Amino acid sequence: MKMSFLKKTNIPQILFSILVLSSCGKDKNSSQDEAVKEKDTLGKMVPMGPEKKITASYANSVKGRINHFYNKNWPNNSMNGSFLVAKNGQIIFERYNGFANKNKDTKITADTPVQIASVSKVLTATAVLKLINLGKLGLDQKVNTILKTFPYEECTVRMLLCHRSGMRNYAYFTDRDKSVWDRHNQLTNKDILDILATKNVGLESRVGTRFAYCNTNYAMLALIIEKITSLTYKEAMSQMIFKPLGMTHTYVFDDDKERKNIVPSYKGNGVEIGFDYLDNVYGDKNIFSTVRDLLKFDRARNAPDFLKPALLKEVYTGQSNERKGTKNYGLGIRMINWETGQNFYFHNGWWHGNTSSYITLQKEQVTIIALSNKMTRNTYAVRKLAPVFGDYPFQFKDEE
């Protein structure tokens, strides 16, 4: 009976059907895989994978020196902020103290988002770099091909990232002349672009000729992110960076909606600092975050597949070499380049009473972050910890 069945069966036809079904299954799986890949049209950040565990003996060998620095720099827990040191993404030392809000008697904890001021520039630059990495934007693309009314024809995305546009700071050309801007009104990024386009705001220097740190550059980069992604800056940053990395206590401040809910800032004497007409401008500032969230961000920036190698090299190459010196600026990151070949990468911030410092020691895979909402320059002194981990020849008596 079995032989009779086989004789009647078209064996080649069965084999062909199996091959077709198998092929369809592969095509289906293949198309599903492609669909997953195609979903990321934003160049979303990817968390760093598992890192080498640090030993307890190593942590203990540096913890004492960090603790000594902390007590000397902020005696009697006077920081009023948050401070973290980590290696390979693993926290060695962290401290939180002071008031988040004195009127409400709330204290700063690990989950308290604080205005990170110009450290926001590192995050803005990261979003731009991811769009470049994805091919949605050119590093040397002219800005006026993206923002059509931008008036400086020779200015490129690279020049905005490394502060070589020659533009003036928006805080300076909007603060006195009412014909340019009425300070009774909140200034926005779009307003800055409109002023540049219509008010004949002169350049400080010819485009591309010298480095001059300028917040206007990053206000324009935020508009470029919006133009390329078709999202608001707030939503783009959330989808590209905050959500993928699990930065659950990080957000872009919206003055109109969140003024009453945020952690305020204070003068050194404890007097609260109010808001002004510049508080709606973003890209150069206005990200609120925690040291733990920024640690996640730092590790993702140090992941092997963060950017293509050629673009990554550009990020950490000094772009302001017209005057010889150790201080330099890459693509959204400050740096000190010593003749010994040692490099130190960081970014500081200050806005109202908020001060911030982000340090990434790439060779040692060490992250140092300090955030404070009470005005103090001591935040910037955290660079003194770099020599604990590597050969960083700082002359601290010459410190800014």
Side-chain angles (χ1 to χ4, degrees), residues 66 69-85 93-102 106-110 112-124 169 171 213-215 218 249-253 262-276 278-279 281-295 297-298 327 329 332-336 344-360 367-386 394 396 398-400:
I66 300 169
F69 163 82
Y70 175 83
N71 290 328
K72 187 177 179 182
N73 199 52
W74 297 293
N76 303 314
N77 284 323
S78 57
M79 181 186 187
N80 215 93
S82 48
F83 170 58
L84 175 151
V85 181
F93 188 97
E94 62 183 329
R95 289 288 186 275
Y96 306 92
N97 67 68
F99 285 102
N101 190 311
K102 290 176 72 175
T106 54
K107 299 294 179 66
I108 289 176
T109 71
T112 306
V114 173
Q115 161 80 264
I116 66 172
S118 281
V119 173
S120 301
K121 290 182 175 73
V122 186
L123 285 81
T124 299
N169 192 323
Y213 185 85
C214 177
N215 289 330
Y218 277 73
H249 300 290
T250 303
Y251 62 91
V252 176
F253 171 60
I262 65 157
V263 172
S265 67
Y266 300 90
K267 294 180 181 178
N269 62 5
V271 174
E272 185 173 332
I273 298 174
F275 294 86
D276 62 36
L278 301 171
D279 277 302
V281 180
Y282 47 76
D284 59 325
K285 61 181 187 312
N286 267 358
I287 290 176
F288 278 65
S289 191
T290 67
V291 289
R292 287 186 180 180
D293 273 6
L294 290 174
L295 174 61
F297 169 74
D298 174 70
K327 295 178 183 177
Y329 203 98
I333 195 80
R334 285 189 182 274
M335 62 186 70
I336 299 174
F344 177 79
Y345 303 109
F346 73 107
H347 213 295
N348 289 337
W350 164 71
W351 181 245
H352 295 325
N354 304 289
T355 53
S356 54
S357 188
Y358 159 69
I359 295 168
T360 181
T367 314
I368 303 169
I369 306 166
L371 306 173
S372 178
N373 69 325
K374 183 178 177 182
M375 185 60 202
T376 172
R377 292 184 62 81
N378 289 1
T379 306
Y380 310 135
V382 294
R383 68 171 62 186
K384 292 181 179 180
L385 287 169
F394 282 114
F396 291 116
D398 300 326
E399 189 179 329
E400 297 180 319

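Counting from 1, the numbers follow the sequence of the chain as shown. No experiment lies behind these values; they were computed from the predicted model shown.
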For this session: Please assess Lys267 against Ile273 for the test side-chain contact (heavy atoms from CB on, under 4.5 Å), listing each intermediate value before the final yes or no.
Result: CA-CA 7 Å; Lys267 294 180 181 178; Ile273 298 174; 3.6 Å; yes
Exercise. Would Thr355 and Tyr380 satisfy side-chain contact (heavy atoms from CB on, under 4.5 Å), going step by step from the backbone distance to the final call?
Worked result: CA-CA 8 Å; Thr355 53; Tyr380 310 135; 3.4 Å; yes
Exercise. Between Ile116 and Asn354, is a side-chain contact (heavy atoms from CB on, under 4.5 Å) present by the stated rule, with each step listed?
Worked result: CA-CA 7 Å; Ile116 66 172; Asn354 304 289; over 6 Å; no
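Scanning both residues, Ser356 and Ala117, for their nearest heavy atoms gives OG-CB, 4.1 Å. Taking each heavy atom of Ile66 and Leu385 in turn, the nearest pair found is CA-CD2, 4.0 Å. Of all heavy-atom pairs spanning His347 and Ile333, the tightest one is CD2-CA, 4.2 Å.
When the options Tyr358, Trp74, Tyr96 are evaluated for a ring pair (Phe, Tyr, Trp, His ring centres under 6.0 Å) with Phe83, the one that passes is Trp74. The side-chain contact (heavy atoms from CB on, under 4.5 Å) test with Phe346 is passed by exactly one of Ile368, Val119, Ile336: Ile336.
Geometrically, Arg334 engages Tyr213 in a cation-pi contact, judged by NZ or CZ lying under 6.0 Å from the ring centre and within 45° of the ring axis.
Ring orientation note: the planes of His352 and Phe275 are nearly perpendicular, at an angle over 60° on the 30°/60° scale. Taking the six-membered ring for Trp and thresholds of 30 and 60 degrees, Tyr251 and Phe288 have nearly parallel ring planes, at less than 30 degrees apart.
Going from atom OG of Ser372 over to atom CG of Asn378 covers 9.0 Å, rounded to the nearest 0.5 Å. Rounded to the nearest 0.5 Å, atoms CZ (Phe93) and OH (Tyr70) are 7.0 Å apart. Rounding to the nearest 0.5 Å places CD of Glu272 at 7.5 Å from OG of Ser265. In this structure, OG in Ser118 is found 9.0 Å from CG in Asn348, a value given to the nearest 0.5 Å.
With no hydrogens or angles considered, a side-chain donor-acceptor pair links Asn373 and Asn80 at under 3.5 Å. For the 3.5 Å distance criterion, the side chains of Thr367 and Asp298 qualify, holding a donor opposite an acceptor. Between the side chains of Lys121 and Thr124, no donor N or O sits under 3.5 Å from an acceptor N or O. Side chain to side chain, Asp279 and Trp351 meet the donor-acceptor criterion of an N or O pair below 3.5 Å. When only modelled atom types and interatomic distance are considered, Thr379 and Thr376 share no side-chain donor-acceptor pair under 3.5 Å.
No more than 12 heavy atoms of other residues, nucleotides or ligands sit less than 6.0 Å from atom CG of Asn76.
The distance between the ring centers of Tyr266 and Phe99 does not fall below 6.0 angstrom.
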